[in-house]
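Reckoned from all heavy atoms, side chains included, excluding hydrogens, waters and symmetry mates.
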Amino acid sequence: MTMHKIGGAWVAASAFLMTTGAAQADITPAEAWQGWKDYMTAFGYEITATEAMSGDTLTVTDVAMGFDVPEEDMTVSVTLGEMSFADNGDGSVAVSIPESLPMTIAITGPEALEVGATFDTVDFVMTISGAPDASVSAYSAAAARIALTDVTVEGTSFSEAPGGAPFRDVSIEMADLAGETLTNLGDLRRVEQTITTGAWSYRMDVVDPESAQGSFLINGGSESLIMTGTSTLPEGIDMNDMSGALRAGFTVDGGYEFGPGMMQFRFEEDGSVTEGRTQSAGGDLRIVMDESQLLYGGGTNDLSFEIAGGDIPFPVAMTMARYGFELMTPVMQSDAPQAFSLQVLLGDFTMSEFIWALFDPAAQLPRDPATIEVDLSGMARLFFDVLDPEQMTAVDAGGEAPGELNALSLDALTVSAAGVRLVGTGAVEIDNTDIVTYDGMPKPVGSVSLNLTGANALLDSLVALGFLPEDQAMGARMMMGLFAVAGEGEDELDSTIEFTQDGQLLANGQRLR
């Protein structure tokens, strides 16, 4: 059972509670409820509930949402407790939920699973208002908490395990919750959502259900959280067919930003304890998906990490000024090349002096912060829709390549550590019609320029430390002399590697192939 199926169901339940699709200038309780149902139906959910109207208030109980996952031969259903929709008398509707709202996810199929939780709120207020083709859902709460209550697998509840209930506390809490959802109807349903919180935290305190001798505790959070998202939903799409949904106009553009925070963890097994913590100044995450691309990226600022105990023979402490990544890739088959890119940054990485002293007690190596930055872009042609399970299964079964690389650009390269710095840029075109010149590989045409400083000094230090024999250091220097020429500064080397149209491989004009 993949955890993203469960996570997606929780997201659906949360979206169901905090989204409206009604679109009337004066919204009635029935229309507000119908808007919610229409929104979830657009995602492929089937919804059932018991509805009762009393005066100006519609009460809805036994809400159940379900969807099938054909490729895994299973059904996922989400059930909620009671909600009410009351006419405010001014064209808007007030939505009320119990202070403790029970929620259940049930998964039937080869791996039967049921997860129970509660959604607890303090001073929860929600109002739905609208215009002819638009609606607004605004909500707030002084505090909110989602807590796991039980997990049942194949009919056996974890709370009945020999070691007792393993889930001592699995929860997420947030203060000063506020959000707004805008829904506009047209050829495509467009939903814009913003959620903000004050301090928020999570906690997972679990013991071994077999013996209660092992346990792990993870808790953390940050000072603030801002989540934003925009999506477009065509009518009648099948979310099990993601390629078809994207071609029909389904899009997502969302992410979150979190403020300064921390995370602590403690693992215990057979009397051995491992503890650690992380801390950061905040970070972000973003995902964009449409017919042309899938973009996924994020990062963290001023990250620190500490761990000790267990099988780790000594305390480990590290810091990093910035960690970041971004991947953008095409997802749909195309006869024409499509753009892709990848960026990775590990900025100003440092280790504690204790770790340095283990292999360099005399401090012969510079302690400068280390940085790795890679920025790639290019063009590629996909032969299949990568989000279509049937097509990708056929690719795997047939051993076919999913696509071809047409161009690759090294937009930036920086590797800096222990007094050595390597930088580079370059670009090559790929001739996929020529697989003879390079013995079965497509022929590249282009060049890469590199600059290296501090390499000889590093070799001297490694020899002095006994990590590198003198003859191997000499061999490394000879190799650098083959591919590089002296640069302008001291201990500096330059190299330009060229792949020519006629199949030659040159290093600084000297033919290597």
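Residue pairs meeting the side-chain hydrogen bond (donor to acceptor under 3.5 Å, both in side chains) criterion with at least one member in residues 330-344, sequence neighbours excluded, are Gln333-Asp335, Gln343-Asp375. Applying the ring-ring contact (aromatic ring centres under 6.0 Å, His included) test to residues at least two apart or on different chains, the pairs with a partner in residues 175-203 are Trp200-Tyr202.
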task: Apply the test side chain to side chain contact (heavy atoms under 4.5 Å, CB included) to residues Met289 and Leu387: give CA-CA distance (whole Å), side-chain angles for both, the deciding distance (0.1 Å), then the verdict.
output: CA-CA 11 Å; Met289 184 165 57; Leu387 297 179; 4.0 Å; yes
message: With side-chain hydrogen bond (donor to acceptor under 3.5 Å, both in side chains) as the criterion, how do Thr414 and Thr371 come out once you've worked through the C-alpha distance, each side chain's angles and the decisive distance to 0.1 Å?
response: CA-CA 7 Å; Thr414 300; Thr371 292; over 6 Å; no
task: Could you give me the CA-CA distance, side-chain angles and deciding distance for Glu173 and Arg203, then say whether side chain to side chain contact (heavy atoms under 4.5 Å, CB included) is met?
output: CA-CA 9 Å; Glu173 299 185 22; Arg203 185 178 181 87; over 6 Å; no
- request: Show your working on salt bridge (Lys or Arg N to Asp or Glu O under 4.0 Å) between Asp302 and Arg322 and close with a plain yes or no.
  value: CA-CA 6 Å; Asp302 295 330; Arg322 173 68 180 174; over 6 Å; no
task: Start with the C-alpha gap between Thr437 and Asp434, add the side-chain angles, then the distance that decides, and say whether side-chain hydrogen bond (donor to acceptor under 3.5 Å, both in side chains) holds.
output: CA-CA 7 Å; Thr437 301; Asp434 183 352; 2.7 Å; yes
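Between the CG atom of Leu512 and the CD1 atom of Ile497 there is a distance of 6.5 Å, given to the nearest 0.5 Å. Taken to the nearest 0.5 Å, the CD1 atom of Ile172 stands 6.0 Å off from the CD1 atom of Ile146. Taken from CD in Glu326 to CG in Leu345, the straight-line distance is 12.0 Å, to the nearest 0.5 Å. Summarising the geometry, atom CE belonging to Met262 is positioned 10.0 Å from atom OG belonging to Ser201; distances are rounded to the nearest 0.5 Å. In this structure, Asp176 CG and Thr197 OG1 are separated by 8.0 Å, a value rounded to the nearest 0.5 Å. The CG atom of Leu101 sits 8.5 Å away from atom OG1 of Thr118, with the distance rounded to the nearest 0.5 Å.
Here the side chain of Lys443 pairs no donor or acceptor atom with the backbone of Val436 at under 3.5 angstrom. Using a distance-only test at 3.5 Å, with no hydrogens or angles considered, a donor-acceptor pair links the side chain of Glu31 to the main chain of Thr28.
Between Met332 and Leu246 there is a side-chain heavy-atom pair separated by less than 4.5 Å. Taking the side chain as every heavy atom from C-beta outward, Phe250 and Leu233 approach each other to under 4.5 Å. Under the 4.5 Å side-chain criterion, counting only non-hydrogen atoms from C-beta, Leu450 is not in contact with Leu452.
Residues satisfying the side chain to side chain donor-acceptor pair (under 3.5 Å) test with Thr500, not counting sequence neighbours, are Asp502.
Between Gln193 and Thr181, the side chains place a donor N or O and an acceptor N or O closer than 3.5 Å (distance only, hydrogens not considered). A donor-acceptor contact closer than 3.5 angstrom links the side chains of Thr319 and Thr350.
Counted within 6.0 Å of CD on Glu51, heavy atoms from surrounding residues, nucleotides or ligands total more than 12; the atom is thus considered enclosed. The number of heavy-atom neighbours closer than 6.0 Å to CD of Glu269, taken from other residues, nucleotides and ligands shown, is 12 or below.
Ring pair Phe305/Phe265 is parallel by interplanar angle, where below 30° counts as parallel and above 60° as perpendicular. Between Trp33 and Phe85, the ring-plane angle classifies as tilted under the 30° and 60° cut-offs.
Within the cation-pi definition used here (under 6.0 Å to the ring centroid, within 45° of the axis), Arg286 does not qualify as a partner of Tyr256.
For Tyr323 and Phe349, the distance between ring centers is not under 6.0 angstrom.
We find that Asp253 and Arg190 are not joined by a salt bridge, their nearest charged nitrogen and carboxylate oxygen being 4.0 Å or further apart.
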